[in-house]
Amino acid sequence: MRILAIESSCDETAAAVVENGRTVLSNIIASQVDKHVVYGGVVPEIASRLHAEAISAVVEQALKQAQVKLEDIDAIAVTYAPGLIGALLVGVSFAKALAMSAGKPLIPVHHLRGHIAANYLTFPDLKPPFLSLVVSGGHSHIVAVEDYTNFKIIGRTRDDAAGECLDKAARTMGLNYPGGLNLDKLSVGGNDKAFAFPRPKVDGAPYDFSFSGLKTNVINLIHNAEQKGIELNHRDLGASFIAAVTNLLCENTLKAAQDFGYQKIVLAGGVSANSVLRKKMDEGAALNGYELYYPLLKYCGDNAAMIGAQAYYEYLAGHTACLDLNAVATMPIDDVRF
Ligand code: KG4
Ligand code: ZN
């Protein structure tokens with residue numbers, strides 16, 4: 001089954017053709033990063049407008065790269081939640097129009113389910129059940145993936161997402177958006193014990209996260225140093241801060257795997273590209289005898305191939321939508337509606 005997938009939930013306009021949920025025939029991403037960089041983050045109105053300008057050409061390119069025509073496609077998939085509402089609407093409207101005019105089924109896909117499915121593209125034999133750490137710019141969850149379309153949230157952030165926290169630290173250090181990636185690059189070789197950060201725990205919720213205290217801590221540290229004219233070593237500061245964030249992510253994930261009896265751990269979302277998180281989870285998994293999976297770097301950030309992968313399993317589960325499908329800004333991964 002060949003699926004044409006469309007993704008426009010944030011600042012990447014993307015389209016891909018994916019066969020049977022596992023084989024990527026094409027994967028086109030038109031990034032808007034250089035348009036948002038001057039503002040230090042994504043401006044929703046600009047994102048929507050740029051999606052509208054790019055989407056036709058991106059979809060056309062995806063078909064061309066896959067060497068298929070629209071009539072060779074069996075279904076149209078689209079990210080419909082969660083994300084920036086105006087940005088999602090562009091993809092959803094385009095996908096609905098295409099599905100209607102071509103007479104193809106329409107498959108709505110939850111963005112975070114797509115991030116997890118990026119691993120199916122990287123590991124053709126990977127199958128649920130497994131435990132997943134989903135860490136992106138807007139979400140930080142520990143999710144039990146019981147089946148391809150059956151999810152249960154075990155842990156969640158009580159405040160900021162891990163990516164948001166890394167982005168804010170990077171921005172305060174004067175790094176360009178996207179901060180998490182630039183902070184990762186800057187911190188390579190830094191002393192991760194140079195600065196001490198708190199290890200916030202959520203009382204009575206051992207799998208939950210809290211990142212807002214860490215974020216405030218690093219911002220105060222930088223501002224205080226500026227006021228006193230003290231020059232901080234940004235490489236060491238970045239390494240110490242990344243260590244603090246990734247320690248929390250690793251500890252809770254390994255504990256959840258042990259307590260819930262999962263043998264396989266799967267990393268997903270933009271932050272799963274982080275070199276320190278990968279290394280720490282590699283070590284933690286090896287020590288405890290778990291199998292660890294994380295996506296190829298090209299599938300970590302937002303892309304439509306991962307949406308095409310998840311769409312295949314949503315289709316097999318009978319999850320297709322009518323033309324009254326709407327975009328939704330907020331929706332839990334374990335309670336999807338369309
Ligand atoms: O999944 P994603 O591409 O978009 C959302 O769905 O939010 O995640 C974006 C997040 C941003 O916070 C970005 O800074 C972070 O992923 N990110 C990284 C790295 N690459 C991207 N964070 C840490 N290290 C990286 N190498
Ligand atoms: Zn994402």
Side-chain angles (χ1 to χ4, degrees), residues 5-14 16 27 29-33 36-37 40-42 44 47 78-85 87-88 91 109-119 132-141 143 157 160-173 175-188 190 192 211 214-215 218 238-239 241-250 266-281 294-307 309-310 329-331 333:
I6 295 170
E7 153 68 40
S8 69
S9 66
C10 192
D11 61 343
E12 325 277 0
T13 319
N27 188 27
I29 304 174
S31 177
Q32 306 175 355
V33 165
H36 297 286
V37 75
V42 179
V78 65
T79 305
Y80 75 114
L84 301 173
I85 192 70
L88 285 167
V109 178
H110 188 283
H111 182 75
L112 298 180
R113 291 187 177 197
H115 271 303
I116 294 172
N119 286 280
S132 185
L133 171 69
V134 189
V135 269
S136 68
H139 298 86
S140 299
H141 287 328
V143 182
T157 180
D160 297 334
E164 200 177 338
C165 180
L166 290 166
D167 288 345
K168 203 60 196 269
R171 190 170 160 174
T172 314
M173 287 166 69
L175 298 178
N176 271 347
Y177 171 82
L181 172 62
N182 290 327
L183 191 63
D184 191 7
K185 285 187 190 157
L186 170 82
S187 307
V188 175
D192 65 0
F211 292 112
L214 270 179
K215 186 181 76 178
V218 73
F241 190 69
I242 289 175
V245 171
T246 53
N247 279 342
L248 292 179
L249 295 173
C250 291
V266 169
L267 309 184
V271 182
S272 71
N274 185 265
S275 59
V276 179
L277 177 65
R278 287 173 170 226
K279 187 162 169 279
K280 261 186 208 161
M281 284 301 299
Y294 39 75
L296 283 171
L297 282 178
K298 65 177 172 181
Y299 297 134
C300 279
D302 290 345
N303 66 88
M306 68 185 196
I307 301 303
Q310 180 61 23
T330 312
M331 184 182 290
I333 191 171

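All ligand and atom numbering here is 1-based and tracks the order in the structure. For clarity, every value in this text was computed on a predicted model and none was experimentally measured.
The protein heavy-atom contact nearest to atom 15 (C) of ligand 1 is Val271 CG2, 3.9 Å. Asp302 OD1, 3.5 Å is the protein heavy atom nearest to atom 2 (P) of ligand 1. Scanning all protein heavy atoms for the shortest distance to atom 26 (N) of ligand 1 gives Asp184 OD2, 2.9 Å. Of the protein's non-hydrogen atoms, His111 NE2, 3.1 Å is the one closest to atom 6 (O) of ligand 1. Of all protein heavy atoms, the one lying nearest to atom 13 (C) of ligand 1 is Asp167 OD1, 3.7 Å.
When atom types are taken as modelled, the side chain of His110 and the backbone of Met331 share a donor-acceptor pair closer than 3.5 angstrom. Looking only at distances, a side-chain donor or acceptor of Ser8 sits under 3.5 Å from a matching main-chain atom of Ala87. Between the side chain of Asp11 and the main chain of Ser31, no donor-acceptor pair closer than 3.5 Å is present. Between the side chain of Gln32 and the backbone N or O of Ala47 there is at least one donor-acceptor pair closer than 3.5 Å. The backbone N or O of Ser140 sits nowhere less than 3.5 Å from a side-chain atom of Thr157 that would complete a donor-acceptor pair. Checked by atom type and distance alone, the side chain of Ser132 never pairs as donor or acceptor with a backbone atom of Val143 at under 3.5 Å. Judged by distance alone, the side chain of Asn247 and the main-chain N or O of Ala244 form no donor-acceptor pair under 3.5 Å.
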Which side-chain N or O atoms in residues 295-307 pair as donor and acceptor under 3.5 Å with protein atoms at least two apart or in another chain?
{"residue": "Asp302", "atom": "OD1", "partner": "His111", "partner atom": "NE2", "Å": "3.0"}
{"residue": "Asp302", "atom": "OD1", "partner": "His115", "partner atom": "NE2", "Å": "3.0"}
{"residue": "Asn303", "atom": "OD1", "partner": "Ala305", "partner atom": "N", "Å": "3.1"}
{"residue": "Asn303", "atom": "OD1", "partner": "Met306", "partner atom": "N", "Å": "2.8"}
{"residue": "Asn303", "atom": "ND2", "partner": "Tyr299", "partner atom": "O", "Å": "3.3"}
{"residue": "Asn303", "atom": "ND2", "partner": "Gly301", "partner atom": "O", "Å": "2.9"}

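Contact annotation for Asn274 and ligand 1: heavy atoms of both the backbone and the side chain come within less than 4.0 Å of the ligand. Residue contacts with ligand 1 for His139 are absent, since no atom lies close enough (heavy atoms, distance under 4.0 Å).
The side-chain heavy atoms of Val42 and Tyr177, taken from C-beta on, include a pair separated by under 4.5 Å.
Among Ser275, Ser136, Gly270, the residue whose heavy atom sits closest to atom 5 (C) of ligand 1 is Ser136.
Nearest heavy-atom pair, Asn182 versus Asn176, reported as atom, atom and distance to 0.1 Å: ND2-O, 2.8 Å. Heavy-atom minimum distance, Met173 versus Gly238: CE-N, 4.1 Å.
Of all protein atoms, those that are N, O or S and lie under 2.8 Å from the Zn ion (ligand 2) total 3.
Heavy atoms from other residues, nucleotides or ligands lying under 6.0 Å from NZ of Lys168 number 12 at most.
Counting the atoms of ligand 1 from 1 in the order shown, those under 4.0 Å from a heavy atom of Gly163 are 12 (O). Taking every non-hydrogen atom of Gly180 and a distance limit under 4.0 Å, the qualifying atoms of ligand 1 come out as 14 (O), 18 (C), 19 (C), 22 (N), 23 (C), 24 (N), 25 (C). Against a heavy-atom cut-off of under 4.0 Å, Gly138 is close to the following atoms of ligand 1: 7 (O). Taking a cut-off of under 4.0 Å to the non-hydrogen atoms of His115, the atoms of ligand 1 that pass are 1 (O), 6 (O). Residue Gly301 has at least one heavy-atom neighbour below 4.0 Å for each of these atoms of ligand 1: 3 (O).
Every salt bridge (Lys or Arg N to Asp or Glu O under 4.0 Å) that Lys215 has, sequence neighbours left out, goes to Asp160. Annotation: side-chain hydrogen bond (donor to acceptor under 3.5 Å, both in side chains) contacts of Asp192 (sequence neighbours excluded): none.
Residue Gly137 has at least one nitrogen or oxygen atom sitting less than 3.5 Å from a nitrogen or oxygen atom of ligand 1, judged on distance alone. Considering both main-chain and side-chain atoms, Glu164 never comes within under 3.5 Å of ligand 1 through any nitrogen or oxygen pair.
Using a 4.0 Å cutoff on heavy atoms, Cys10 does not count as a contact of ligand 1.
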